[in-house]
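Written below as structure tokens is the structure these notes are about.
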There are 2 protein chains.
Amino acid sequence: MTEPLGGNLSRLRQLNTLAVVHALRRQSPLTLTEVAKAANLSRPATEEVLRDLEAQGWVAQVDPVAGSMGRPARRYRFRADAGHVLGVDIGGHTVRAIVADLDGELRHSERRSVSVAAGRAERLRVVDKVIAECLAGAGLTGADLWATTVATTGFVDADGRVVLSVGLPEWTGVHLGEHVSGRVSGPVLVENDCRLAALAETWRGVARYAEHVVYLLAGLRTGAGLVIDGRLHRGFARAAGEIGALPEMGWIRAQEHLRGWSGAPAGTDPDEVVALVFAAARDGDRGALAAVRRYVRDLSIGASALVLALDPQLVVLGGGFSRSADVLLEPFHRELEKRCVRTPEVLPSALGDDAVALGAVKHALDHLEQHIFDPGNGLAAPEPPQRP
Amino acid sequence: MTEPLGGNLSRLRQLNTLAVVHALRRQSPLTLTEVAKAANLSRPATEEVLRDLEAQGWVAQVDPVAGSMGRPARRYRFRADAGHVLGVDIGGHTVRAIVADLDGELRHSERRSVSVAAGRAERLRVVDKVIAECLAGAGLTGADLWATTVATTGFVDADGRVVLSVGLPEWTGVHLGEHVSGRVSGPVLVENDCRLAALAETWRGVARYAEHVVYLLAGLRTGAGLVIDGRLHRGFARAAGEIGALPEMGWIRAQEHLRGWSGAPAGTDPDEVVALVFAAARDGDRGALAAVRRYVRDLSIGASALVLALDPQLVVLGGGFSRSADVLLEPFHRELEKRCVRTPEVLPSALGDDAVALGAVKHALDHLEQHIFDPGNGLAAPEPPQRP
DNA sequence: CTACTAATGCTGGATAGTTTCAAAAGTATC
DNA sequence: GATACTTTTGAAACTATCCAGCATTAGTAG
């Protein structure tokens with residue numbers, strides 16, 4: 001519950017300003033009367049609010065549209081390009097970055113691959129490069145950013161330091177928050193990649209508008225991200241979702257069923273075997289099908305634990321293996337049904353490789369939402385948006 | 001995020017009224033100037049708001065206190081007795097009820113035992129009796145209630161019907177919401193007992209002010225209740241917390257280790273054995289200690305799953321066995337430490353047998369908080385509180 | 001009894017919002 | 001091309017709410 005702080009007349013103006021901004025952010029070219037109705041205000045009041053907002057650069061007029069009855073109305077839009085956010089996904093093989101405007105409209109994205117074996121310095125160099133290229137591609141500089149989220153594997157502390165990364169040993173200890181802060185303006189948030197992928201699904205993916213979501217990262221790693229009450233669940237010490245650490249959950253050994261498949265040519269890289277298993281299973285190979293079934297069984301133990309604990313509306317199957325959802329989904333759902341009191345819907349991720357970076361963008365936007373568009377503060381731009 | 005709805009001048013007054021009520025609810029006898037400061041308002045504005053509130057019966061004046069310098073100030077208090085809430089806990093052996101005022105101050109509580117084997121009708125009769133006695137003891141009638149929460153085992157649907165109760169077979173299908181609605185005014189909420197016990201701990205128990213809490217019901221049944229972001233987590237279909245249904249979690253077989261203890265005299269009721277085991281363990285009996293250790297190990301598997309998934313600040317050990325926390329706590333904590341990435345604090349429940357009924361009271365109060373003291377509606381009493 | 005203190009009651013002024021109405025700028029019709 | 005109609009605009013009058021400041025009042029202290 002937020003503190004109900006009483007106020008001043010100017011506070012009312014603040015609230016009304018926010019209501020107008022909110023109305024325009026929901027649906028963009030809107031006439032004055034439409035805004036007034038949406039914000040539940042009278043026309044003159046709306047007019048004055050809009051005049052102020054226009055002077056401050058928050059909204060702009062759109063050319064009036066002809067062809068309708070009566071005097072043509074002025075139309076306003078929210079200037080989503082007043083500020084931008086950046087989402088960066090630092091993965092094992094790839095570094096991605098996406099720039100979006102305040103409406104979440106993507107402006108530019110960039111990616112570069114990096115060797116899994118790359119050291120800390122080299123990986124950070126790639127990060128810098130991708131950020132620079134992404135900003136340049138969008139025609140921006142770091143100073144135009146209002147918030148940035150960096151996604152990484154492993155545990156991250158509140159300061160933005162990677163406390164522990166299992167997949168990338170050299171990564172442990174890197175102070176990502178500090179590093180990226182030097183390159184962009186505005187706050188830099190650092191967050192676990194799996195959680196951000198979950199967030200992305202509730203934003204632009206298959207979990208849109210779901211309140212409670214369990215996101216499964218099914219890939220060479222297995223992980224989970226939780227969205228509870230529409231918000232990312234981090235936990236007290238940012239360690240939520242690590243249910244796979246419990247041996248009884250089956251996630252530690254799950255991939256072994258796939259990697260250990262005997263149908264692949266001898267000497268194949270174990271990681272490559274996985275793709276072959278799914279392909280073979282798709283073709284009806286009985287050994288491959290059995291391996292997939294064993295994998296799914298182990299995966300579903302941990303998943304069932306999460307489902308039973310949280311009773312989500314939806315389970316999203318993401319990660320690299322979600323490309324093979326056609327083979328996985330049906331047996332997975334059957335296993336859940338066996339174990340759960342109420343079986344939620346299961347859907348494969350629709351976002352592909354961009355999921356994490358998208359989630360990072362959304363996370364940055366959510367941060368702005370709380371600190372800039374929040375009742376309690378009123379509109380508070382990091383720097384007053386410059387006029388065109 | 002709530003819809004920011006713009007407003008009217010009177011909306012500002014609404015907000016200020018709420019701010020004043022909030023200030024008075026937090027700390028009660030307050031002078032006018034103190035209220036003004038707490039609500040961030042000027043003195044004249046506060047005065048007018050208080051005048052209105054007094055006329056409507058929401059606040060009352062307290063006798064001014066002498067002995068200080070200057071003209072003695074009027075002092076106001078929130079009239080917590082303007083309305084009341086009822087919490088009812090329908091357990092296997094006992095039915096409890098608590099009446100509290102709007103501040104959550106307990107006014108009266110009542111309990112009656114009922115046979116585990118009692119049928120539906122008989123149990124409902126006891127419920128009616130306890131409710132009637134509790135109201136009478138507080139000097140109230142059902143019409144004085146603004147909200148009621150009924151706690152029961154098993155799954156409850158949104159309508160207040162018990163969909164499935166494992167412990168009390170005859171209980172499945174009973175429409176508790178409807179039944180109790182006939183006896184009290186105001187909304188009747190029906191909720192799972194375990195969840196309410198968790199809520200109680202965050203209110204008056206050891207988990208005060210913790211944001212994320214896992215509550216374990218350790219007793220003849222094993223269950224869990226989750227508080228996430230300070231709010232009861234119910235899940236999409238009100239089936240959250242049922243992680244014990246998964247065999248891998250160990251909760252199904254956990255009690256067997258205690259019941260099957262060979263140290264009890266032959267023919268002892270299995271339920272009674274449990275108490276003996278704990279007593280023997282306390283005295284250092286090696287067999288009993290081993291049985292307890294085995295129980296704790298199984299209990300901690302499911303607990304670890306919840307902890308790993310949610311990363312709570314605190315685990316509360318409640319339920320009947322929490323009376324033997326001296327024997328359980330230390331090995332339990334050790335087991336958690338073995339399995340969890342970050343081990344939260346573990347504390348035994350401090351509320352005893354009243355936990356569930358207290359949680360029911362709190363749940364009813366929370367409901368009022370949302371519907372009566374919520375910005376968005378302004379103060380909306382179910383019926384305007386009558387003047388004294 | 002007088003000086004001091006802090007709350008009260010009141011008045012005027014400022015701000016934000018609403019309602020109302022004539023003027024303006026278009027389209028539709030003859 | 002003039003007239004009727006429709007909808008937005010701009011301005012004025014009015015109302016509700018809050019704030020600052022000041023004289024008044026009811027106590028304590030010496």
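For clarity, every value in this text was computed on a predicted model and none was experimentally measured. Order of the sequence lines sets the chain letters (A, B, ...), proteins ahead of strands, with each chain counted from 1.
Between B/Arg13 atom CZ and C/dT18 atom P there is a gap of 17 Å when expressed in whole angstrom units. The nearest whole Å value for the distance from the CZ atom in B/Arg11 to the P atom in C/dT18 is 13 Å. The distance from atom CZ of A/Arg51 to atom C1' of D/dA11 is 11 Å, rounded to the nearest whole Å. Between A/Glu48 atom CD and D/dT9 atom P there is a gap of 15 Å when expressed in whole angstrom units. At whole-Å resolution of the value, CD in B/Gln14 and P in D/dC18 are 12 Å apart. Remark: P of C/dT18 and CG of A/Leu12 are 9 Å apart, rounded to the nearest angstrom. Rounded to whole Å, the distance from NZ on A/Lys37 to P on C/dT18 is 16 Å. Atoms CZ (A/Arg74) and P (C/dG26) sit 13 Å apart, rounded to a whole Å.
Between B/Arg71 and A/Arg75, the one whose closest nucleotide on DNA chain D sits nearer the 5' end is A/Arg75. In this structure, A/Leu9 and A/Met69 both approach DNA chain D, and ranking their closest nucleotides by distance from the 5' end singles out A/Met69.
Annotation: side chain of A/Thr17 is not in contact with side chain of A/Asp52 (no heavy-atom distance under 4.5 Å). Inter-residue side-chain proximity for B/Trp146 and B/Leu102 is flagged as met; some heavy-atom pair is nearer than 4.5 Å. Annotation: side chain of B/His212 is in contact with side chain of B/Asp229 (closest heavy-atom distance under 4.5 Å).
Side-chain proximity of B/Pro72 to the nucleotides C/dT18, C/dT8, D/dG27 is greatest for D/dG27.
Base contact: B/Arg43 has a heavy atom under 4.0 Å from a base atom. At the heavy-atom level, B/Ser10 lies under 4.0 Å from the strands shown only through sugar-phosphate atoms. If you check every strand for non-hydrogen atoms under 4.0 Å, A/Thr33 touches sugar and phosphate atoms only. At the heavy-atom level, B/Pro44 lies under 4.0 Å from base atoms of the strands shown. At a threshold of 4.0 angstrom between heavy atoms, the contacts of B/Glu47 are confined to the sugar-phosphate backbone, with no base atom among them.
In this model, the phosphate group of C/dA16 is not approached by any side-chain N or O of A/Asn16 to a distance below 4.0 Å at OP1 or OP2.
Of the possible donor and acceptor atoms, one in the side chain of A/Ser185 sits under 3.5 Å from a partner among the backbone N and O of A/Leu145.
Taking CG from A/Leu53 and CD from A/Glu48, the interatomic distance works out to 11.0 Å, rounded to the nearest 0.5 Å.
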